[in-house]
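Values below: all heavy atoms of this structure, side chains included; hydrogens, waters and symmetry mates excluded. All chains are named by letter (A, B, ...) in the order of the sequence lines, taking the proteins before the strands, and each is independently numbered beginning at 1.
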2 protein chains.
Amino acid sequence: MRPQDLIRIKRDGGALNAEQIRAFVRGVTSGEIPDYQTSALLMAIFLRGMNRDETVALTRSMIESGSRADLSSIPGLKVDKHSTGGVGDKTSIPLAALVAACGVSVPMISGRGLGHTGGTLDKLESIKGFRTNLPIPEFVDTVRKVGACLIGQTADLAPADKKLYALRDVTATVECPPLIASSILSKKAAEGIDALVMDVKTGSGSFLKGLERCRELARTIVEVGTGLGLRVVAFLTDMDQPLGRAVGNALEIEESIECLKGKGPSDLETLVVEMAAEMLVLAGTAKLIDPARERIRFAIRDGTGLKKLREIVVAQGGNGKVVEEPSRLPQAERSTPFPSPSSGFVTAMDAEAVGLAAMALGAGRRTVEDRIDPAAGILLRKKLGDRVEKGEPLLELRHAEATPLEEARAFLSRAYRFGSAPPPGRPVVLGRILG
Amino acid sequence: MRPQDLIRIKRDGGALNAEQIRAFVRGVTSGEIPDYQTSALLMAIFLRGMNRDETVALTRSMIESGSRADLSSIPGLKVDKHSTGGVGDKTSIPLAALVAACGVSVPMISGRGLGHTGGTLDKLESIKGFRTNLPIPEFVDTVRKVGACLIGQTADLAPADKKLYALRDVTATVECPPLIASSILSKKAAEGIDALVMDVKTGSGSFLKGLERCRELARTIVEVGTGLGLRVVAFLTDMDQPLGRAVGNALEIEESIECLKGKGPSDLETLVVEMAAEMLVLAGTAKLIDPARERIRFAIRDGTGLKKLREIVVAQGGNGKVVEEPSRLPQAERSTPFPSPSSGFVTAMDAEAVGLAAMALGAGRRTVEDRIDPAAGILLRKKLGDRVEKGEPLLELRHAEATPLEEARAFLSRAYRFGSAPPPGRPVVLGRILG
C-alpha cells in the first residue's frame, strides 16, 4: 500500500491496522516516506482521531524504531513520572529523590523547556557540573546504585518520536491526545520502566487547554499504557497558576530543596506526596495509598529525601554542596519588584503569561537554539486568593543587569486579575484515572 | 504569522483571510514554505472546507503566482469549456470547432490523461504533427486567426497550482471541492477568458464520486468563478458509462470527426450541442439557448464545424487530411472482441473499469512518465440498456500485437452488469447550475 492510501483511510475516518501503522512508522524512520506525506497523515489523525488499538500500535512501532534500555538487572519494578508540562513545575526533582529514598528505582528521561513551560533538564543543569547526557549504560548503572537518574532523551530511544515531534511542532498537530500519548509512552516504554505516573496539567498554564481534552488525554495515556503492558495512573492537576512560588531554573532547584526540607509551598508538597505515594503503590512496595503517603512524608521529615537528592546530584557530576547551601546556585544580578496595579484579591492568573515573562527574562527558550540564563526567573509573592494592595509587589523579577524588562512586564501586566472577594478554592489534584 | 499559525486556524475550523491566503500561496510558490507545512494545510482544508471568500482568495493568489495570457487584442468575449474528466470524453474537440465556427473565440488550455480518464492533449497528439506546446504569443495569435486553439498548461500560468496539485496527488487531498475549484479556475482565469462552461462528471467513471459531492463542486466552481468576475455555467453530466462508443486517443479523434459530420453517438452530440450553445449565450452572440442550439446544429449540418476543426489542426501543425480521411490516424495492429459472459440487458457499467482497461492496453498512463500508444483503445458495442446474447461482442479491444491483454480483460470482466430488463433511461445532462 502506498502512503497516500493509508492517508486516505484516516482522512475518511477509518482505522489503520497494526501492519499499516508499522509500515508508516518504518518509512518515517528510514526517511523513505517524505515529510509531506507524514504531515498530511498527522493532520488527518489530528482531525479524525485514533482509537485505542491504533494508538497502541503506533506507540509500539515507535518503540521498535530504536533500542530499549535494559533495566532487568535492577531488582524490583521501575517507576517513572511524567508531566505534560507547566509553569513552575519542579515536581520531578523532589519526587524522584523521595521515591528513590523509599527504595523504589526511578529511571527518568526528562525534557527541556520550550515556550512558556520549563524543563527538568534545564533546572538540573543550573547545578554546576550536573550532566543530563549520560549514555544508557551509565544511566542504568546510576539507577542501580543511587535509585534514580534523570537524563535527556537519547538519539537511539524512539527515534521515530523525534522525527514526528519535530514535524508536529511546525504543522500545528501537537495538541492531539493519541499523538501526545504515543510520543510520551514510546519514550517511557523504551527507557525500560514497568509503571508510570502521569501528570496531565490543565488550566491557563497547561499546553493542552480545556479540562475535557485534558481528561481525554489522561484517559488515552492510561488506556494505551495499559495496552502496552505498563501499570499507569494519570493525575489531572491544576495549572491555573504556577506551581509553588518559583519560576526559573536555579530558583526552582532551590524551591525543590525547600520542599525536601518540608518547607516548600503547600501546593507543590501536596502534588509531590500524592504522586510519589502512587509510585510506591505502583511499584508494589506499598499496598495502600495512605501508608504510602505516610512513608513519603516521613522521608521528608527525616531528611532521607534530601540526602537522596544530594546522592543523585553527585552521581550525575553535580556539586552536591548546593543541597546544603542553595546560595551556591547561580544568583541573578538584579531583583526587580513588579508592583500590583490594583488593590483586591487575586481572582485569576494567566500562568502561561508568567511562563512567557520568565522566558523573556532568560529563563526559557524561544527556539531550541536559545541559551538559558540559569539564574533568571520570577518569584511569586501573590497567588490566587491572596489579598494585595495597589503598589505592593505581586512578583519579583530575577534577571541580569543587561536584560530588558519591557517584554516580561507586558506579559505580567495581563497575568493577574483582581476582585473584591477571593475565588473559591481549587485543589491541586483535580482527578485521578486508574488503568 | 508563521505557516503553522495559519494551519492552526484552518485546523480549528476557522476561515483564513485574503492576506493570510496570499502569504501562504506566495510562500508555496517561492519555496519558502516547505512541502510538509503545505500538505498539513491541504489536509486541514480537505477536512474543514473553505468558504466562498476563502476559495476566491486562494484562486486569485494562484493566478497572481504567474503571468496571464492577454487576449484583449481579440474582439468579443472569450469562452472556454472544462471538464472534470471522464472516460471517452472527447467533447472539447467537436465543441471548440463548433463554437469557433459560430464566431466565438475559444482559447482552451487542456490536460493530459492520468489514471482511468483521458486527456484532450493526448487525443489531439494522435494527429501527426499536432503541437500542443505552443508558446502563449502563438496561442493568442492562433485564437485570433482561427477562433480556437488547444494547448497544454505552460509553466508560467498559475505555477502555484502545479506545486499544489503535485502535493495533493501524493497526500490524498485531491477530491476536495474548494481545492479542485481553485485549481481549475486559476488556470482558466490565467489564460485570459471571460466565461467558462464547466462540465462536472458524475458516476462510476468520474473521479469525484457521489452526486451530492459533484453538485457541491459544480456550485463551488460557479460561485468562485463568479467571484473572480467570470461568467460561469456548470453542467452536471452523466459518467455512469463512457461517453460515446470510443475510448482511446485516435479512436476518439475519429469519433469527434463523426460527431462533426452529424453521425456521432447521440449522447456525445447532445452534450456537445448543449454546452456549445451555452457558450454562445455566455459570449453574448445568442440571447437565448434555443436559437443557440439551432446555430450549433446548423454548424454540424452545413459542415462549417468540421471545416473549423481542419483549420485548427492545420494551424497547430497537424495533418489536416485526417479530417477527411480518419483512416490516416494511427491504426492498432489488432482488434480483439471481448465476448459477453451473459445474456440479458446491460443494467450497469463501471466506466472507471473501462478506462483502466484502455489504460492497460496502452491508451493511458499509469505514471506521468509512461508513453501512450495513440492507436490503442476500446470500442463499446454495447452500452446501458442494450440487449446482448452470451458470447456476442460487448467491446472490441484495439491494441498492438505485443500488448498483453490479461489486465484489460480483468478490468472488463467487472465492467458490465446484466439483468432481465433494461434500466430506466438516464439523460446525459443531469443538471445545470447558473451563477
Side-chain angles (χ1 to χ4, degrees), chain A residues 1-14 16 20 24 27-28 31-50 114-115 160 162-180 207-210 212-213 366-368, chain B residues 1-14 16 20 23-24 27-28 31-50 114-115 162-180 207-210 212-213 366-368:
Chain A
M1 239 181 174
R2 302 170 306 167
Q4 54 265 52
D5 300 322
L6 303 187
I7 299 170
R8 182 172 291 110
I9 292 172
K10 183 45 68 187
R11 179 197 84 185
D12 294 341
L16 298 169
Q20 291 165 336
F24 203 90
V28 168
E32 275 165 79
I33 295 180
D35 287 347
Y36 52 78
Q37 290 184 316
T38 307
S39 65
L41 182 64
L42 289 171
M43 182 57 78
I45 291 171
F46 189 103
L47 290 171
R48 293 298 202 175
M50 269 189 151
L114 190 58
K162 209 158 194 164
K163 278 209 155 187
L164 290 176
Y165 194 86
L167 261 184
R168 285 167 58 204
D169 194 37
V170 290
T171 57
T173 49
V174 170
E175 312 93 324
C176 169
L179 294 178
I180 299 168
F207 92 102
L208 191 67
K209 312 289 183 196
E212 263 325 296
R213 293 183 74 194
R366 246 168 275 258
T367 72
V368 282
Chain B
M1 240 178 172
R2 302 170 306 168
Q4 53 266 53
D5 300 323
L6 303 186
I7 299 170
R8 184 172 291 110
I9 293 172
K10 180 48 67 189
R11 179 199 81 186
D12 293 341
L16 298 170
Q20 291 166 334
F24 203 90
V28 168
E32 274 164 80
I33 295 180
D35 288 348
Y36 53 78
Q37 291 184 317
T38 307
S39 65
L41 182 64
L42 290 170
M43 183 55 80
I45 291 172
F46 190 103
L47 290 171
R48 292 298 200 174
M50 267 190 152
L114 190 59
K162 210 159 192 165
K163 277 208 154 184
L164 291 175
Y165 194 86
L167 261 183
R168 286 167 57 205
D169 194 39
V170 291
T171 57
T173 49
V174 170
E175 313 92 323
C176 168
L179 294 177
I180 298 168
F207 92 101
L208 191 67
K209 312 288 183 197
E212 263 326 295
R213 293 184 73 194
R366 244 169 277 258
T367 74
V368 283

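No other option in A/Pro3, A/Pro34, A/Ala44 has as many heavy-atom pairs under 4.5 Å with chain B as A/Ala44.
With a 4.5 Å cut-off on non-hydrogen atoms, A/Leu167 touches chain B through its side chain but not through its backbone.
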Polar pairs (donor with acceptor) under 3.5 Å from chain B to chain A:
unit_1	atom_1	unit_2	atom_2	d
B/Arg11	NH1	A/Ala172	O	2.8
B/Arg11	NH1	A/Glu175	OE1	2.9
B/Tyr36	O	A/Ser39	OG	2.6
B/Gln37	NE2	A/Val170	O	2.7
B/Ser39	OG	A/Tyr36	O	2.6
B/Ser39	OG	A/Ser39	OG	2.6
B/Val170	O	A/Gln37	NE2	2.7
B/Ala172	O	A/Arg11	NH1	2.7
B/Glu175	OE1	A/Arg11	NH1	3.0

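Considering every non-hydrogen atom in both A/Ile7 and B/Val170, the closest pair reads CD1-O, 4.1 Å.
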